[in-house]
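Structure first, commentary second.
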Amino acid sequence: MKRLLLVDDDEGNRVTLSALLEDDGFAVDLASSFAEASATLGGSPPQYDAILLDHSLGDGYGSDLIPLIRHVLPKTKVFAMSASAGAGGMRHTADAELPKGLHFPDFLARLQALLSAPH
Amino acid sequence: MIPSDPLRTTELLALIEEASAPLRHDVRNRLASVRNLAFFVRRKLAAETEVERDPRVHEFLLKIDDEVERSDALIEAWSAKLQGRREVEPNAFSVLDSVRLAVDSRRQPTSVAVAAPVESLCVEGDLQALAFAIRCLLENAAEAQSWSVVQVCVEPVDGQCRIRVVDRGPGISDAARSLERFATTKPGHLGLGLCMAQRVAVQHGGTLSISSSEAGAEVCLTLPLARTHTSAGE
């Protein structure tokens with residue numbers, strides 16, 4: 001079972017996306033803020049296959065978590081999610097972009113393709 | 001007061017883009033959520049028996065999808081229109097020309113001193129948009145001080161072009177907050193100037209940074225140099 005960490009301050013997106021992903025066989029942990037994600041990553045995080053990272057988290061920018069992720073979980077892929085295409089201001093680069101607005105079957109297909117691609 | 005502002009259209013487009021960006025982002029977030037909720041319900045229903053189910057349930061779920069698609073398309077079209085209005089062929093242009101346009105079109109009678117040790121630095125993008133961003137910084141600097149000269153320095157640093165706008169005002173107490181939209185302590189201001197300048201920097205592949213002390217504030221635009229980073233003919 002693939003394990004994901006979904007970092008998103010939007011409750012609606014967290015709830016619906018995690019429910020859909022769990023129905024498709026993923027284990028999904030959730031973080032609702034920059035602080036909560038930092039705490040999860042700074043503890044003893046499981047070996048996530050991927051971290052889905054929203055850009056604007058209210059208390060910080062998702063991209064600013066990338067150095068910590070690279071340090072703690074170097075094998076974990078990082079996918080940047082955004083509601084707006086080409087969101088600027090990313091200070092650190094994710095492995096790929098995963099637009100939030102995609103119809104779920106397309107989102108899932110893209111996620112699976114990204115997960116099976118070599119790191 | 002200058003008779004006609006050459007950066008007026010650029011400013012209007014930047015204002016519309018900056019002011020509507022959070023709304024577009026948040027509405028698209030909501031739409032993504034509605035779309036996923038509808039998909040979840042439809043998938044659950046599909047797994048159940050359809051005995052005595054009102055046939056409109058399926059029909060209405062499809063209508064939710066349709067409404068979401070249409071709303072999303074409206075936002076996309078609006079964003080594309082904004083993009084199309086401000087998009088220009090990315091050309092290499094002289095940073096100093098952009099600084100001069102900003103200085104010449106400033107709307108306060110502030111003294112500005114421009115220092116450019118290397119005059120021929122070029123970046124790639126939109127001369128007017130960069131001039132507008134620099135003017136935002138000049139106007140902020142001018143408002144922070146009443147008597148001294150605003151310094152603008154254009155210099156190459158580590159293969160990039162750095163444009164520094166320096167004032168001798170009281171400094172910026174909270175740099176992070178000053179980059180939040182609509183965060184301003186100045187009456188009659190929108191609190192979008194630095195945000196718009198930062199957006200222009202990002203659109204040019206660069207960054208905006210702020211440093212501040214009791215001696216004043218320095219706002220820096222750091223942009224990648226054009227591949228041929230001197231003006232034609234130099």
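All values reported here derive from a predicted model rather than from experimental measurement. Order of the sequence lines sets the chain letters (A, B, ...), proteins ahead of strands, with each chain counted from 1.
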Considering only NZ, NE, NH1 and NH2 on the basic side and carboxylate oxygens on the acidic side, decide whether B/Asp66 and B/Lys63 come within less than 4.0 Å.
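Salt bridge absent between B/Asp66 and B/Lys63.
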Can you tell whether the side chains of B/Arg56 and B/Glu59 come within less than 4.0 Å, N to carboxylate O?
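Looking at B/Arg56 and B/Glu59, the cut-off is not met.
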For the backbone of A/Tyr48 and the side chain of A/Thr76, can you confirm whether one donor and one acceptor N or O come within less than 3.5 Å of each other?
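The answer is yes, because a donor-acceptor pair under 3.5 Å joins these two groups.
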I'd like to know if the side chain of A/Asp49 reaches the main chain of A/Arg3, judged simply by a donor and an acceptor atom lying under 3.5 Å from each other, with no hydrogens or angles considered.
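Yes; at least one donor-acceptor contact below 3.5 Å.
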Sequence neighbours excluded, which residues qualify as ring pair (Phe, Tyr, Trp, His ring centres under 6.0 Å) partners of B/Phe39?
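Here the qualifying residues are A/His103, A/Phe104.
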Just to be sure I understand the criterion: a residue of residues 5-23 of chain A counts if one of its heavy atoms is under 4.5 Å from a heavy atom of chain B. Which ones qualify?
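Interface residues of residues 5-23 of chain A: A/Asp10, A/Gly12, A/Asn13, A/Thr16, A/Leu17, A/Ala19, A/Leu20, A/Asp23.
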Surrounding CZ of B/Arg43 (heavy atoms of other residues, nucleotides or ligands, distance under 6.0 Å), is the total greater than 12?
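More than 12 heavy atoms, drawn from other residues, nucleotides or ligands, come within 6.0 Å of this atom.
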Tell me, side chain or backbone of B/Leu31 under 4.5 Å from chain A's heavy atoms, or both, or neither?
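B/Leu31 has no heavy atom closer than 4.5 Å to chain A.
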